[in-house]
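Only this structure's heavy atoms are used, side chains among them; waters, hydrogens and symmetry mates stay out.
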Amino acid sequence: MATRMREKTKALHENADKRPRAIAKYIRISPDKVRIVLDIIRGKSYQDAVAILKNTPKAASEVLIKVLNSAAANAENNLNMSKNDLFVAECFADQGPILKRVQPRAQGRAFRINKRTSHITVILDAFAK
């Protein structure tokens, strides 16, 4: 059953994604609202993405600036890349746990309120020279 387990594990570690990334978990914004802003910055250079986010009047843009800056700092400090050479290769927002709340209504009824959370991932890459 476990044939070539060590070789397979070694191959997985060698082919692991070496691009700089940053992940923000349990952010109290709906993933749908975050995806609107992510679609704007996907594929842009790092400086363009930061400029776009600073001028976007959405609640998700503040969180995305922090995640983008964190990914750029990871690239600089851990992988010795320059911020000028980076662009947003991938970015996505996955759904986190939902905080379920109850709104009282007339005649003893109750309506559910879903407070959604997001896990935001930004992966940068260097321009090919």
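When hydrophobic residues (I, L, V, M, F, W, Y) are linked wherever their side-chain heavy atoms come within less than 4.5 Å, V102 remains an isolated member.
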Would you check, one step at a time, whether the test side chain to side chain contact (heavy atoms under 4.5 Å, CB included) holds for I27 with K25?
CA-CA 6 Å; I27 304 299; K25 292 189 169 189; over 6 Å; no

When you look at R112 and R101, which way does the side chain to side chain contact (heavy atoms under 4.5 Å, CB included) test go after all the steps?
CA-CA 6 Å; R112 161 103 25 105; R101 301 295 181 256; over 6 Å; no

List the steps and the verdict of side chain to side chain contact (heavy atoms under 4.5 Å, CB included) for I29 and V63.
CA-CA 10 Å; I29 302 174; V63 176; 4.2 Å; yes

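Hydrophobic clustering places V67 together with L79 (ILVMFWY residues linked when any side-chain heavy atoms are closer than 4.5 Å, directly or through intermediates). I65 and I40 fall within a single hydrophobic cluster, where Ile, Leu, Val, Met, Phe, Trp and Tyr side chains are chained together by heavy-atom contacts under 4.5 Å. In terms of hydrophobic clustering, with Ile, Leu, Val, Met, Phe, Trp and Tyr side chains grouped at heavy-atom distances under 4.5 Å, L68 and I123 are assigned to different clusters.
When the ring-ring contact (aromatic ring centres under 6.0 Å, His included) test is applied to Y26, the partners found at least two apart in sequence or on another chain are H119. The salt bridge (Lys or Arg N to Asp or Glu O under 4.0 Å) search around R116 returns none, not counting sequence neighbours.
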Enumerate, atom names and distances included, each donor-acceptor pair closer than 3.5 Å involving a side-chain atom of residues 88-99, sequence neighbours excluded.
{"from": "E90", "atom 1": "OE2", "to": "R19", "atom 2": "NH2", "distance (Å)": "2.5"}

Donor-acceptor contacts, no H, no angles, side chain residues 47-60, under 3.5 Å, sequence neighbours left out:
{"from": "Q47", "atom 1": "NE2", "to": "N84", "atom 2": "OD1", "distance (Å)": "2.9"}
{"from": "D48", "atom 1": "OD2", "to": "S45", "atom 2": "OG", "distance (Å)": "3.1"}
{"from": "N55", "atom 1": "ND2", "to": "A51", "atom 2": "O", "distance (Å)": "3.0"}
{"from": "T56", "atom 1": "OG1", "to": "I52", "atom 2": "O", "distance (Å)": "2.5"}

Residues 104-111, side-chain donor-acceptor partners within the protein, below 3.5 Å, at least two apart:
{"from": "Q107", "atom 1": "OE1", "to": "R109", "atom 2": "NH1", "distance (Å)": "3.0"}

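Under the side-chain hydrogen bond (donor to acceptor under 3.5 Å, both in side chains) criterion, the residue pairs touching residues 33-43 are D32-R35, D39-R42, with sequence neighbours excluded. Sorted pairs that involve residues 31-68 and meet ring pair (Phe, Tyr, Trp, His ring centres under 6.0 Å), not counting sequence neighbours, are lacking altogether. The list of ring pair (Phe, Tyr, Trp, His ring centres under 6.0 Å) pairs with a residue in residues 48-73, not counting sequence neighbours, is empty.
Summarising the local packing, CD of E62 is surrounded by 12 or fewer heavy atoms from other residues, nucleotides or ligands at distances under 6.0 Å. Counting heavy atoms of neighbouring residues, nucleotides and ligands inside a 6.0 Å radius, atom NZ of K83 exceeds 12 of them.
Checking side-chain atoms of N74 against main-chain N and O of R21 turns up a donor-acceptor pair under 3.5 Å.
How far CD1 of I120 is from NZ of K66: 11.0 Å, rounded to the nearest 0.5 Å. With rounding to the nearest 0.5 angstrom, the CD1 atom of I23 is 4.5 Å from the OG1 atom of T121. How far CD1 of I113 is from CD of Q103: 4.5 Å, rounded to the nearest 0.5 Å. If you take OG on S61 and CG on L38, they are separated by 11.0 Å, rounding to the nearest 0.5 Å.
A 4.5 Å side-chain heavy-atom check between L124 and F87 finds every atom pair outside the cut-off.
Nearest heavy atom pair, residue S70 against residue A22, reads OG-CB, 3.7 Å. Here the closest non-hydrogen pair linking A71 and P20 is O-CB, 3.8 Å.
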